Amino acid sequence: MSSTATGLHILVYPYTDSGHIIPLLDFAHRLLIRGLTVTVLVNPDNLPLLQPLLSSHPSSIQSLVLPAPEVHAPPQKARAAKVRAMRELYYPILLQWFRSHPSPPVAIISDYFLSWTHQLGSELGVPRVVFSPSGAFAFSVLLSLWRDVPKPADPDDMNSGLSFPELPHSPVFPWLQISRHYRSGKEGDPDWEFHRSNTLLDVASWGVVFNSFAELERVYFEHLRAELGHDRVWAVGPLLPSDDDIVGPTNRGGSSSLPIHEVMAWLNARVDNSVVYVCFGSRATLTSDQMDVLTTALEQSGVQFILCVRKSTGGHAGQDHSSMPDGFEDRVGHNGLVVKGWAPQVAILKHRAVGAFLTHCGWNSVLEGIAAGVVMVTWPMVADQFTNAKLLVDQLGVAIRAGEGTQIIPESTELARLLGESVNPNTPERVRVKEVSDAALGAIKGGSSDKDLDDFVKRLSASPK
Ligand SMILES: O=c1ccn([C@@H]2O[C@H](COP(=O)(O)OP(=O)(O)O[C@H]3O[C@H](CO)[C@@H](O)[C@H](O)[C@H]3O)[C@@H](O)[C@H]2O)c(=O)[nH]1
């Protein structure tokens with residue numbers, strides 16, 4: 001690390017959901033290893049996630065713990081309400097904190113939802129860097145949406161296609177798969193305008209760091225550099241725990257009904273690439289119809305599996321929350337392991353016995369699946385997950401399409417067939433995902449992502465004000 005970067009002080013501010021905070025803390029870890037000093041803004045609830053980093057880098061990381069604002073809003077308005085409340089509460093506190101700090105941060109790195117930090121940075125004369133926990137394809141779609149405001153041919157028809165001809169591969173999405181913040185409002189509505197101005201503030205920020213890697217989404221990085229009109233776009237992923245650390249610097253181990261060593265012991269008794277891991281991320285819960293199809297298919301297919309089941313948090317979930325059918329665990333016996341709560345996902349995916357991953361295509365899961373070299377079976381539910389599934393199936397050829405939200409729920413016999421195919425040693429997706437996995441690991445072992453991280457630190461050190 002060059003001496004100019006050593007000690008460079010950065011404020012890192014993650015959004016509070018697991019899918020956002022985990023990769024940004026992993027990124028903070030990379031910065032700490034490179035000799036930077038980091039202050040992380042967290043709420044008391046998320047302090048435990050930061051604890052491992054505080055213990056392993058006691059002299060170079062501090063926490064700035066601020067109370068979570070109280071937010072009362074229906075689920076579809078919750079994010080806008082939470083981000084507004086954070087701005088109101090934290091903006092004056094942060095101004096004061098920066099101004100009275102003996103050695104204040106020279107940059108703010110914040111989640112792409114926290115766009116107001118661009119205004120804070122401008123007032124302080126400090127550059128704001130957007131951290132995108134989603135990929136460059138998904139970011140490109142959002143940028144086109146909110147900047148160009150395209151309309152579908154028939155907004156009352158949820159299957160009406162919305163096309164993005166200016167994007168590489170000219171993708172088309174059914175209207176239903178477009179961001180619900182965009183779809184359910186219109187120009188002039190306060191929430192709609194809020195989401196739009198957020199995207200435009202992200203675009204106006206000094207630079208963007210992606211948890212992705214050049215080889216995965218090269219055309220979209222090129223597209224974004226052209227659209228943003230600068231080259232301060234860095235791909236530094238996949239941000240993952242190191243090889244010898246199965247829970248990672250942000251304590252991904254979490255807590256679940258089964259201790260990690262029992263899960264590993266179950267996997268140790270299975271042959272290579274024979275197990276399907278099924279998990280829908282940190283927020284989604286299945287509807288009863290989805291759960292019925294899934295559990296019937298798992299039983300019918302005869303494949304060995306680990307199924308991670310979560311309780312609803314009311315997040316992205318539908319209204320009709322499911323529970324596992326009575327007697328399911330007894331019927332599947334040794335064929336399946338059910339983990340209730342938080343599964344040690346990264347460790348499971350990396351295990352040699354796991355050959356496939358039925359996933360909702362949250363971006364972290366996508367990267368973890370790719371890095372582990374497992375065939376993915378896609379069932380996106382909301383948000384960027386539709387874009388991510390399209391990338392995996394249509395553009396990269398590393399995944400098999402199974403379902404789409406509650407609109408396309410596969411027949412259980414069809415899903416059973418797909419699950420069987422996903423662990424077939426000769427499936428073409430297995431060859432392809434191994435190639436992409438090698439590229440991912442190469443990127444973070446001296447390859448493109450390491451070079452982008454070096455460049456990022458160098459450009460920050462050059463005092464970009
Ligand atoms: O039992 C579990 C469940 C999740 N995880 C981890 O939690 C993260 C989940 O992230 P992700 O796969 O991206 O899913 P979500 O939690 O649904 O992520 C939200 O954030 C992502 C990043 O912006 C978006 O791509 C998603 O659409 C959005 O729902 C991953 O690191 C998983 O390894 C576990 O370790 N154990």
Side-chain angles (χ1 to χ4, degrees), residues 14-27 46 49 75 78-79 110-114 130-139 141-142 177 179-181 202 208-212 217 237-241 245-258 260 263 277-286 306-317 337-351 354 357-372 374 376 378-392 405:
Y15 189 67
T16 48
D17 289 351
S18 312
H20 292 242
I21 193 167
I22 289 173
L24 185 43
L25 291 184
D26 282 345
F27 183 55
N46 283 323
L49 281 176
R79 169 146 67 87
S110 56
D111 188 276
Y112 67 174
F113 286 174
L114 303 166
V130 180
F131 177 78
S132 174
S134 295
F137 180 23
F139 194 95
V141 169
L142 283 182
Q177 294 184 2
S179 155
R180 71 190 156 116
H181 300 299
D202 282 346
V208 193
V209 168
F210 283 92
N211 183 17
S212 184
E217 301 188 280
L239 295 162
L240 294 169
D245 175 3
I246 52 173
V247 295
T250 47
N251 202 5
R252 288 173 201 236
S255 66
S256 74
S257 58
L258 281 178
I260 189 165
V263 179
Y277 169 63
V278 183
C279 185
F280 294 90
S282 68
R283 289 173 65 77
T285 43
L286 300 185
I306 293 180
L307 170 61
C308 172
V309 193
R310 297 183 46 259
K311 284 207 178 77
S312 166
T313 57
H316 285 175
L337 189 69
V338 177
V339 180
K340 293 170 189 145
W342 191 255
Q345 175 161 310
V346 173
I348 291 173
L349 286 171
K350 280 206 298 204
H351 195 284
V354 176
F357 179 15
L358 173 55
T359 170
H360 73 315
C361 304
W363 188 246
N364 298 289
S365 293
V366 164
L367 292 175
E368 289 159 7
I370 283 178
V374 297
M376 280 169 277
T378 65
W379 193 344
M381 300 292 168
V382 291
D384 60 338
Q385 296 156 20
F386 298 108
T387 327
N388 302 341
K390 197 185 256 306
L391 179 76
L392 292 176

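All ligand and atom numbering here is 1-based and tracks the order in the structure. Sequential numbering from 1 along the given sequence is applied to the chain's residues. As the structure is a prediction and not an experimental result, all values here were calculated from the model.
Under a 4.0 Å heavy-atom criterion, His360 is in contact with ligand 1. Not close to ligand 1: Ala284, with no non-hydrogen atom less than 4.0 angstrom away.
Using cut-offs of 30° and 60° on the angle between ring planes, the pair Tyr15 and Phe113 is perpendicular. Relative ring orientation between Phe280 and His360 is described as perpendicular, the plane-to-plane angle rising above 60° on a 0-90° scale split at 30° and 60°.
Remark: ligand 1 atoms within the under-4.0 Å shell around heavy atoms of Glu368 are 30 (C), 31 (O), 32 (C), 33 (O). Close contacts between ligand 1 and Ala343 involve ligand atoms 1 (O), 2 (C), 34 (C), 35 (O), 36 (N) [criterion: under 4.0 Å to a heavy atom]. Every atom of ligand 1 with a heavy atom of Ser134 under 4.0 Å away is listed here by number and element: 23 (O). Those atoms of ligand 1 that come under 4.0 Å of a heavy atom in Cys308, given as number and element, are 1 (O). Listed by number with element, the atoms of ligand 1 under 4.0 Å from a non-hydrogen atom of His20 are 20 (O), 23 (O).
Between Thr359 and Tyr277, the closest side-chain pair of non-hydrogen atoms is not below 4.5 Å.
Between the side chain of Trp363 and the backbone N or O of Asn211 there is at least one donor-acceptor pair closer than 3.5 Å. A donor-acceptor pair under 3.5 Å is formed between the side chain of Asn364 and the backbone N or O of Gly19. Side chain of Gln177 to backbone of Phe386: no donor-acceptor contact under 3.5 angstrom is found. In this structure, Arg310 contributes its side chain and Ser282 its backbone to a donor-acceptor pair below 3.5 Å.
Below 3.5 Å of separation, one finds no N or O of Cys361 facing any N or O of ligand 1. Geometrically, ligand 1 and Ser282 share a nitrogen or oxygen pair separated by less than 3.5 Å.
If you take CG on Asp384 and CZ on Phe139, they are separated by 12.0 Å, rounding to the nearest 0.5 Å.
By the criterion of a heavy-atom distance under 4.0 Å, neither the backbone nor the side chain of Arg310 is placed next to ligand 1. Looking at Pro133 against ligand 1, both its backbone and its side chain come within 4.0 Å, counting heavy atoms.
Considering only non-hydrogen atoms, atom 26 (C) of ligand 1 lies nearest to Asp384 out of Asp384, Val346, Asp17. Between Ile348, Asn364, Asn211, Leu349, it is Asn364 that holds the heavy atom closest to atom 21 (C) of ligand 1.
A pairwise comparison of heavy atoms in Glu217 and Ala136 identifies OE1-N, 2.8 Å as the closest pair.
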